[in-house]
Amino acid sequence: VQLQASGGGLVQAGGSLRLSCAASGRSFSSYALAWFRQAPGKEREFAAAISGSSSSTHYADSVKGRFTISRDNAKNTVYLKMNSLKPEDTAVYYCAAGRYPYRARVSYDYWGQGTQVTVSS
């Protein structure tokens, strides 16, 4: 599976962005997908995950209620809609694919290249 993230950019605090991650390869719907993020000087951290059928989603406490993860299996794409953005959301956002929608990085076998999100105050 190859993953290509896009949709990052510069936005003011309180604004919104939608990230996309397009996947190539077989059996897209069999993979759980997740978004992680990494701020400068910090570890890469979990943001959100979704199961293959979209029946379950999980969010980090820091983004719960503001971010929404979704997927379109017909388009082999996963999305992250980010609302009410804060300066502390500034990071490189990575999409990842794995077997289960867990929070741990080690649960994911495939990673996209990342897209920069910058939130100005």
Side-chain angles (χ1 to χ4, degrees):
V1 176
Q2 292 185 320
L3 303 169
Q4 180 77 31
S6 62
L10 174 64
V11 64
Q12 288 188 332
S16 298
L17 277 176
R18 189 180 78 158
L19 306 183
S20 300
C21 178
S24 60
R26 297 182 182 182
S27 304
F28 176 79
S29 61
S30 68
Y31 288 96
L33 298 166
W35 290 94
F36 286 75
R37 63 186 186 180
Q38 187 167 18
K42 294 190 176 182
E43 295 285 320
R44 192 173 298 186
E45 65 175 12
F46 170 80
I50 188 168
S51 62
S53 64
S54 301
S55 59
S56 65
T57 56
H58 305 278
Y59 296 93
D61 289 343
S62 58
V63 308
K64 196 173 295 182
R66 299 187 299 122
F67 290 11
T68 302
I69 189 170
S70 62
R71 64 191 294 163
D72 186 338
N73 287 343
K75 295 182 178 180
N76 282 14
T77 302
V78 61
Y79 305 98
L80 185 68
K81 181 65 187 301
M82 305 184 294
N83 296 326
S84 303
L85 282 162
K86 306 175 181 179
E88 51 264 42
D89 294 318
T90 295
V92 177
Y93 283 71
Y94 298 89
C95 54
R99 188 170 181 184
Y100 300 107
Y102 294 158
R103 299 169 184 262
R105 288 170 54 184
V106 295
S107 301
Y108 298 90
D109 302 310
Y110 305 98
W111 292 82
Q113 87 290 0
T115 185
Q116 176 70 47
V117 172
T118 302
V119 184
S120 63
S121 57

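The side-chain hydrogen bond (donor to acceptor under 3.5 Å, both in side chains) analysis of residues 3-26, with sequence neighbours excluded, yields the pairs S16-N83. Residue pairs meeting the salt bridge (Lys or Arg N to Asp or Glu O under 4.0 Å) criterion with at least one member in residues 101-121, sequence neighbours excluded, are E43-R105. Among pairs with a residue in residues 87-121, those fulfilling disulfide bond (SG atoms under 2.5 Å apart) read C21-C95, at least two apart in sequence or across chains. Pairs of residues two or more places apart, or lying in two chains, that qualify as salt bridge (Lys or Arg N to Asp or Glu O under 4.0 Å) and include a residue from residues 58-69 are D61-K64, R66-D89. Residue pairs meeting the disulfide bond (SG atoms under 2.5 Å apart) criterion with at least one partner in residues 37-91, sequence neighbours excluded, are absent.
Partners of K86 according to the salt bridge (Lys or Arg N to Asp or Glu O under 4.0 Å) rule, which considers only residues two or more places apart in sequence or in another chain, do not exist here. Looking at residues two or more places apart in sequence or on another chain, you find a ring pair (Phe, Tyr, Trp, His ring centres under 6.0 Å) between Y108 and F36. In terms of the salt bridge (Lys or Arg N to Asp or Glu O under 4.0 Å) criterion, R71 has no residue partners (sequence neighbours excluded). Applying the salt bridge (Lys or Arg N to Asp or Glu O under 4.0 Å) criterion to R44, with sequence neighbours excluded, gives no partner residue. Judged as a side chain to side chain contact (heavy atoms under 4.5 Å, CB included), and not counting sequence neighbours, the contacts of Y102 are Y100, S107. A search for salt bridge (Lys or Arg N to Asp or Glu O under 4.0 Å) contacts involving R99 returns nothing, not counting sequence neighbours.
Connection of I50 to F46 is not established within any shared hydrophobic cluster, with ILVMFWY side chains joined at heavy-atom distances below 4.5 Å, either directly or through further cluster members. By the rule that hydrophobic residues join a cluster once side-chain heavy atoms approach within less than 4.5 Å of another member, F67 and Y94 end up as members of separate clusters.
Of all heavy-atom pairs between V63 and A47, the closest is CG2-O, 3.4 Å. Looking at every heavy atom in both residues, A97 comes nearest to L33 through CB-CD2, 3.6 Å. L17 and L85 make their closest contact through N-CD1, 3.9 Å (heavy atoms, listed as atom of the first residue, atom of the second, distance). Between L80 and A48, the closest heavy-atom pair is CD1-CB, 4.1 Å. When all heavy atoms are compared, the tightest approach of I69 to W35 is CD1-CD1, 3.6 Å. Nearest heavy-atom pair across F28 and D72 is CE2-O, 4.1 Å.
N73 contributes a side-chain N or O that, together with a main-chain N or O of G52, makes up a donor-acceptor pair within less than 3.5 Å. Judged by distance alone, with hydrogens and angles left aside, the side-chain atoms of Y79 form no donor-acceptor pair with the main-chain N or O of T68 at under 3.5 Å.
Taking CD of Q38 as the start and OH of Y93 as the end, the distance is 12.0 Å to the nearest 0.5 Å. The CG atom of L19 lies 12.5 Å from the OG1 atom of T77; values are rounded to the nearest 0.5 Å.
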Less than 3.5 Å apart, which donor and acceptor atoms pair up between the side chains of residues 114-121 and the rest of the protein, not counting sequence neighbours?
{"residue": "T115", "atom": "OG1", "partner": "G8", "partner atom": "N", "Å": "3.1"}
{"residue": "Q116", "atom": "NE2", "partner": "A91", "partner atom": "O", "Å": "3.4"}
{"residue": "Q116", "atom": "NE2", "partner": "T118", "partner atom": "OG1", "Å": "3.3"}

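Atom CD of Q113 sits in a crowded spot, with more than 12 heavy atoms from other residues, nucleotides or ligands closer than 6.0 Å.
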